Each structure stands twice: as structure tokens, then as C-alpha cells.
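Okay, structure first, notes after.
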2 protein chains.
Amino acid sequence: MRLNTKSRYAVMALADMASLRAIGPISLRDISLRQGISLQYLEQIFLKLKQHNIVKSIRGSNGGYILSKHPNNLKLSEIFLALNESVKTIGCERDSKKGCNGRSAKCITHNLWDELDLHINDFFENKKLEDLITN
Amino acid sequence: MRLNTKSRYAVMALADMASLRAIGPISLRDISLRQGISLQYLEQIFLKLKQHNIVKSIRGSNGGYILSKHPNNLKLSEIFLALNESVKTIGCERDSKKGCNGRSAKCITHNLWDELDLHINDFFENKKLEDLITN
DNA sequence: AGAAACTTGACTATTTTAGTCGGGTATATA
DNA sequence: TATATACCCGACTAAAATAGTCAAGTTTCT
């Protein structure tokens with residue numbers, strides 16, 4: 001089971017922003033340099049974060065991004081959702097009554113993956129961005 | 001984040017075996033037919049399960065596999081371990097003090113991935129094979 | 001005007017996954 | 001003892017996902 005880099009980098013970048021407690025916009029170039037993440041990869045990531053209203057952009061010189069919410073009000077689950085990251089048990093989709101390896105009935109382990117899904121989502125539901133920077 | 005099929009199939013196959021409550025060995029061919037998993041793929045999976053002493057094999061005609069432990073004594077974490085399935089946060093390896101994207105210091109989100117790892121492992125530590133078949 | 005910084009779509013190399021293939025070896029039973 | 005059944009195991013491969021890069025913009029500050 002693996003976490004992809006987009007999600008990891010998104011959390012790193014947002015934690016970076018939050019830890020600065022800046023008033024104005026923060027450029028991706030600066031985040032790129034501090035966190036060692038490719039600028040163009042960050043651009044891809046921030047496109048999605050913006051679409052999900054996690055950040056707001058300010059274009060032009062001296063522009064950058066600002067957090068849409070206060071870090072103590074931003075759940076990590078929102079970040080993962082923005083990047084389409086979720087637990088995929090594949091073939092046993094949540095809420096799908098069929099599937100399960102092409103069989104018609106629920107497979108013997110169907111409920112297990114549902115529970116695992118919930119268990120992991122709980123973790124991200126209960127973590128706020130603020131939690132990452134107050135240690 | 002995804003679970004690979006080997007781990008899923010391993011759990012399915014073992015749950016299948018456990019639910020039969022058979023005395024003698026169970027052939028992979030039968031499991032293959034019941035669960036719709038390729039025989040040769042099952043062989044790969046059972047090789048690892050055997051190496052980790054989760055099952056024992058009996059060769060020859062009328063042979064097959066038997067569970068090494070009673071289902072209420074087999075933690076799912078043992079199964080996942082046998083198949084090398086664990087949460088990989090990549091670059092932020094657990095117990096590794098360096099890494100984190102090639103930087104020398106712990107990255108800002110290092111502790112988060114450690115916690116997630118523990119959270120998921122807890123889930124599998126507390127689930128027994130028996131739990132899957134008593135519902 | 002020029003530089004800084006966001007915007008966006010397309011492209012690609014690498015890695016991982018999810019298997020298959022093919023040739024074994026061991027053993028029960030007819 | 002022949003034969004079928006079933007485990008054993010290394011090598012291979014097609015497809016998908018990942019982790020980016022590339023290129024060509026547009027916007028806005030100074």
C-alpha cells in the first residue's frame with residue numbers, strides 16, 4: 001500500500017505555507033526551493049488544490065498562493081480528496097454491491113476493505129493542517 | 001493509496017480455507033475455482049504464505065495446503081507481512097532518520113506518515129482471520 | 001517594457017502491478 | 001509401477017500507474 005508523491009507533496013507544501021504564517025501570497029518557487037520539490041510538479045498539484053478551494057491564487061509579479069482557510073480548520077482529508085487520493089481496494093468498490101472480482105455476490109472479504117477504508121479516512125478526518133506545525 | 005491484489009487474494013484464499021473448516025488439505029485448484037483467482041497466481045501467493053509459516057503444504061495427489069494456526073489466532077497483519085505489504089510513504093521510511101526527499105533533516109510531515117503507518121497496522125493487528133468468517 | 005509568477009495541455013521515462021509460461025518434483029492410488 | 005494430481009519456482013511480459021518534464025501561454029507588479 002503506498003501513498004503517492006502528489007499527496008505527500010501537497011501536504012508538505014501546505015504545511016510549509018502554514019508554518020510561515022505569512023500575510024501575503026507565497027510563491028511556488030519559494031516552496032519549491034525550501035521543500036525540494038520540482039516547480040512544475042508543484043504547479044500541477046496546486047492546480048488541483050485551487051480547484052478544490054484549498055488555496056487561492058494571486059497572479060503576476062509578487063503573486064503566489066494563500067491558504068483559503070486557517071490551518072486549524074483544514075482537515076487533511078480535504079487535501080487527499082482534492083488529489084483524488086483515497087483507499088482503493090479495487091474491484092471491491094465501496095458502496096458497490098456487485099464487483100468483487102467479477103463475481104455476482106459480495107466477495108468474502110468485501111466488508112473488510114470497507115472497514116479499512118473507513119479506518120484510514122478517520123485518520124485524515126481527524127487531522128488538521130495545524131497539527132503538523134505545532135509540534 | 002491502493003492495496004495490491006496479492007494481499008487481497010491472500011486474505012480471500014485464507015478466508016476461503018478457514019470457512020471450510022476442513023480437516024485435510026485444500027488444493028489451490030479448488031480455491032482457484034471458488035474464488036476466481038488464477039491458479040498460477042495463487043501458487044506465487046502461497047509460496048510466500050508457506051515461507052512465513054502461515055500455511056503448510058502437502059505435496060502429491062490429494063495434497064494441498066492447511067492453515068498452520070487456528071483462524072482465531074491468525075492476525076491479518078501476519079498475512080500482509082508475508083506479502084511484504086505495508087504502508088510505504090516512500091522517502092520517509094519508518095525508523096529512518098534521514099531520507100525525506102533527499103534532505104538531511106526530517107521533513108515537515110515525517111511524523112505524520114509514521115502515525116499513519118501505525119494507525120493502519122493497528123487495524124490489521126486487531127483483526128483475526130476468524131473475524132472474516134463469523135459474520 | 002520586462003520580469004515574476006500563475007495556467008494548462010501534452011508528452012515521456014520509469015516503475016510497479018498483475019499476472020502468464022514452462023518446466024520441474026513429490027506422492028497417492030489404481 | 002504408471003499416471004494423474006498437486007505443489008514448486010524462476011523467468012518473463014503486457015498494461016497501468018507514477019512521477020515527473022516540456023512548451024507555450026496569460027496576468028500583473030514595478
Side-chain angles (χ1 to χ4, degrees), chain A residues 1-10 12-13 17 22 24-52 54-68 83-92 101-102, chain B residues 1-13 17 22 24-33 35-52 54-68 83-92 101-102:
Chain A
M1 199 176 329
R2 67 192 299 210
L3 213 55
N4 66 29
T5 55
K6 275 189 182 160
S7 302
R8 287 205 302 125
Y9 291 170
M12 283 173 71
M17 288 175 74
I26 300 166
S27 74
L28 292 189
R29 185 168 176 281
D30 286 353
I31 297 174
S32 167
L33 291 172
R34 274 193 300 268
Q35 300 296 330
I37 303 168
S38 139
L39 174 61
Q40 291 183 302
Y41 204 31
L42 277 176
E43 287 175 345
Q44 273 188 46
I45 293 165
F46 273 73
L47 177 63
K48 295 195 176 189
L49 293 176
K50 186 191 166 191
Q51 286 166 349
H52 284 77
I54 290 170
V55 295
K56 292 186 195 309
S57 69
I58 294 168
R59 300 183 69 160
S61 188
N62 289 333
Y65 289 92
I66 56 175
L67 295 169
S68 295
L83 293 161
N84 291 319
E85 176 82 42
S86 65
V87 181
K88 283 182 289 187
T89 44
I90 309 167
C92 287
N101 211 14
Chain B
M1 199 176 330
R2 66 192 299 208
L3 214 53
N4 66 29
T5 56
K6 275 190 180 158
S7 303
R8 287 204 301 126
Y9 290 169
V11 175
M12 284 172 72
M17 289 176 74
I26 300 166
S27 73
L28 292 189
R29 185 168 176 281
D30 287 352
I31 297 175
S32 167
L33 292 172
Q35 300 297 328
I37 303 168
S38 140
L39 174 60
Q40 292 184 300
Y41 204 32
L42 277 176
E43 287 177 343
Q44 273 187 47
I45 292 165
F46 273 73
L47 178 64
K48 294 195 178 193
L49 293 176
K50 187 192 166 192
Q51 286 167 348
H52 285 77
I54 290 170
V55 294
K56 292 187 196 307
S57 69
I58 294 168
R59 300 184 70 157
S61 186
N62 289 332
Y65 288 91
I66 55 174
L67 294 170
S68 296
L83 293 161
N84 292 318
E85 175 83 40
S86 65
V87 181
K88 284 182 289 187
T89 43
I90 309 167
C92 286
N101 211 12

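As the structure is a computational prediction, the values presented were derived from the model and not from experiment.
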Rounded to the nearest 0.5 Å, how far does CG of B:L28 lie from CD of B:Q35?
12.0 Å

With respect to the side chain of B:R29, which nucleotide from D:dC8, C:dT8, D:dA6 is positioned closest?
D:dA6

How long is the line joining CD of B:E43 and P of C:dG22, in whole Å?
14 Å

Ranking C:dG19, D:dC7, D:dG20 by distance to the side chain of B:Y9, first place goes to C:dG19

Show your reasoning for whether side chain to side chain contact (heavy atoms under 4.5 Å, CB included) applies to A:F46 and A:I31.
CA-CA 11 Å; A:F46 273 73; A:I31 297 174; 4.1 Å; yes

Could you give the OH-to-C1' distance, from A:Y41 to D:dT18, as a whole number of Å?
6 Å

Under 4.0 Å: is that the gap between some side-chain N or O of B:S27 and OP1 or OP2 of D:dC7?
no

Report the nucleotide, chosen from D:dA19, C:dT20, C:dC6, that has the shortest atom-to-atom distance to any side-chain atom of A:R2.
D:dA19

Do you see a donor-acceptor pair shorter than 3.5 Å between the side chains of B:S32 and B:Y41?
no

Give a yes or no on whether a donor-acceptor pair under 3.5 Å exists between the nucleobase atoms of C:dT20, that is its base, and the side chain of B:Q44.
yes

For DNA chain C, whose closest nucleotide is more 5', that of A:Q40 or that of A:N62?
A:N62

Got a donor-acceptor pair under 3.5 Å from the side chain of A:R59 to the base of D:dT26?
yes

Tell me the interatomic distance from A:I45, atom CD1, to D:dT21, atom P, rounded to whole angstroms.
11 Å

What is the distance, to the nearest angstrom, from the CG atom on B:L28 to the C1' atom on D:dC9?
13 Å

Contact summary for B:K6 and B:L83, nearest pair of heavy atoms:
O-CD1, 3.5 Å

In whole angstroms, how far is the C1' atom of D:dG20 from the CD1 atom of A:I37?
12 Å

In whole Å, what is the span from the CG atom of A:L39 to the C1' atom of C:dA4?
11 Å

Phosphate contact (D:dC8 OP1 or OP2) by B:S57 side-chain N/O below 4.0 Å
yes

Taking every non-hydrogen atom, the tightest pair across A:G63 and A:P25
C-CB, 3.8 Å

Could you pick out which residue, A:S61 or B:S61, lies toward the 5' side of DNA chain D when each is mapped onto its nearest nucleotide?
B:S61

Looking across every strand, which nucleic acid part, if any, lies under 4.0 Å from A:F46 by heavy atom: base, sugar-phosphate, or nothing?
nothing

Whole-Å distance between D:dT18 C1' and A:L83 CG?
14 Å

Distance check needed: D:dC9 C1' versus B:L49 CG, whole Å only.
15 Å

Is there a side-chain contact between A:K50 and the phosphate of C:dT7, meaning an N or O under 4.0 Å from OP1 or OP2?
yes

Base, sugar-phosphate or nothing for A:I31? Non-hydrogen atoms, less than 4.0 Å.
nothing

